[in-house]
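A short write-up of the structure that comes next.
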Number of protein chains: 2
Amino acid sequence: MKDTDHPPNPASELRSAGLRVTAARLAILETVRGGNHLDVETVTSRVRGRLGHVSFQAVYEALHAFTAAGLVRRIEPAGSPARFEGRVGDNHHHLVCRVCGRVTDVNCTVGEAPCLEPADDAGYLVDEADVTFWGFCPDCRQGS
Amino acid sequence: MKDTDHPPNPASELRSAGLRVTAARLAILETVRGGNHLDVETVTSRVRGRLGHVSFQAVYEALHAFTAAGLVRRIEPAGSPARFEGRVGDNHHHLVCRVCGRVTDVNCTVGEAPCLEPADDAGYLVDEADVTFWGFCPDCRQGS
DNA sequence: GTCGTTGTCTTGAATCATTCAGGTTAAGCG
DNA sequence: CGCTTAACCTGAATGATTCAAGACAACGAC
């Protein structure tokens, strides 16, 4: 099982998602995939390091489009700006450090696609489960 | 099992949490408990309806203090402002409507305190699990 | 290869929730 | 009845995100 299923190449992924292939978007997509739950500012600065100038709006729009297309996933731990990750499609969750904000992936153990359905859906048509574990990461739990 | 365990009365709850008892804070606490995942603006306007004038900062500070004291719980579904609820201490989760933003409580079925621990804690000291189910509420799934 | 459509990118301003600052009021203990 | 300090007030600032409107360029059609 591959980490995430990346078809042929990023360019064709964009195309088959109905998006145009531009240097900026390729760099944004690769940056998100190469990074670890990056926020918009970090994505932007890394992309700028590669390409020169790219506007914040271009990054926001691209990330929004990618999220809608299912190419990336957006997470937003309470109190922190939105973060993006390349791992999509597998039902995994997150550990978030209350001190430093670090985010770490956790696989869900309870079976294959656990936590995917609430006990009682109250009539809702549920399409996603978002599980966040809050605590203190190895580095930050020292001083406790 | 009671819905939520409310000791003697709100005033003594505040006191035993080390907080002073003021008309504003009593009204804020009761408003949150009587409401359904209210945001700060709604809490403020309801409290104002009762008491006359109360500043936003007073409400923010009170809600922050209550949250720290464990009297209320703060949730923050991605993309929406913070919301507060009076149900605390029982491990329950939330259904959030993608269209209207409505939030509904769900009890966790998988045992008593489920989803409380991740499969692999990656060295984190986990103290809370935050589970949000995204979907379409009964009212909003009609047009689909 | 050229053209046209429209998705993408740019600059600049605006919005919204939340927080910070500093000073005033009043809860509750001695 | 004072004192200490939590609580509250007004007003301004911050930071992430979005809106607006025009310029540019990807890519399918010709």
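Chain letters run A, B, ... following the sequence lines, proteins first and then strands; every chain starts at 1. These numbers come from a predicted model, not from an experiment.
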Could you tell me whether the side chain of [Y] reaches within less than 4.5 Å of the side chain of [X], counting heavy atoms only?
| X | Y | answer |
| --- | --- | --- |
| B:Asp127 | A:Phe136 | yes |
| A:Phe84 | A:Val40 | yes |
| A:Leu29 | A:Arg25 | no |

N/O contacts under 3.5 Å, protein versus nucleotides 25-28 of chain D?
from	atom 1	to	atom 2	distance (Å)
D:dA26	N3	A:Arg20	NH1	3.4
D:dC27	OP1	A:Arg15	NH1	3.4
D:dC27	OP1	A:Val21	N	2.9

Look at the side chain of A:Gln57 and the base of D:dT18, then say whether one donor and one acceptor between them are separated by less than 3.5 Å.
yes
Tell me, which stems hold DNA chain C, with a stem being 3 or more Watson-Crick or G-U pairs in a row and both distances under 3.5 Å?
C:1-30 with D:1-30
Grab the two heavy atoms, one from [X] and one from [Y], that are nearest each other, plus how far apart they are.
| X | Y | value |
| --- | --- | --- |
| B:His92 | B:Val106 | CB-O, 3.5 Å |
| B:Asp130 | B:Arg73 | OD1-NH2, 4.2 Å |
| A:Pro138 | B:Ala122 | CG-O, 3.5 Å |
| A:Val103 | A:Ile75 | CG1-CD1, 4.0 Å |
| A:Cys137 | A:Arg102 | SG-NH2, 3.8 Å |
| B:Cys97 | A:Tyr124 | N-CE2, 3.7 Å |

In whole Å, what is the span from the CD atom of A:Glu41 to the C1' atom of D:dT17?
13 Å
Interatomic distance, A:Arg25 CZ vs C:dT6 C1' [rounded to whole Å]:
12 Å
Do B:His94 and B:Asp105 pair up side chain to side chain, a donor and an acceptor below 3.5 Å, judged on atom types alone?
yes
Identify, residue by residue, the members of residues 45-56 of chain B with a heavy atom below 4.0 Å from DNA chain D, and return them in order of residue number, or none.
B:His53, B:Val54, B:Ser55
Residues of residues 58-78 of chain B with a heavy atom under 4.0 Å from any atom of DNA chain D, listed by number, are B:Ala58, B:Glu61
I'd like a table of donor-acceptor pairs (distance under 3.5 Å, sequence neighbours excluded) in which one partner is a side-chain atom from residues 50-68 of chain A, with atom names and distances.
from	atom 1	to	atom 2	distance (Å)
A:Arg50	NH1	A:Glu30	OE1	3.0
A:Ser55	OG	A:Ala58	N	3.1
A:Thr67	OG1	A:Leu63	O	2.7

Side-chain donor-acceptor distances from residues 76-83 of chain A under 3.5 Å, at least two apart:
from	atom 1	to	atom 2	distance (Å)
A:Glu76	OE1	A:Arg74	NH2	3.0
A:Glu76	OE1	B:Gly79	N	3.4
A:Glu76	OE2	B:Gly79	N	3.4
A:Ser80	OG	A:Pro77	O	3.3
A:Arg83	NH1	A:His37	O	2.5

Identify the residue among A:Val72, A:Val88, A:Leu71 that makes a side chain to side chain contact (heavy atoms under 4.5 Å, CB included) with A:Arg33.
A:Leu71
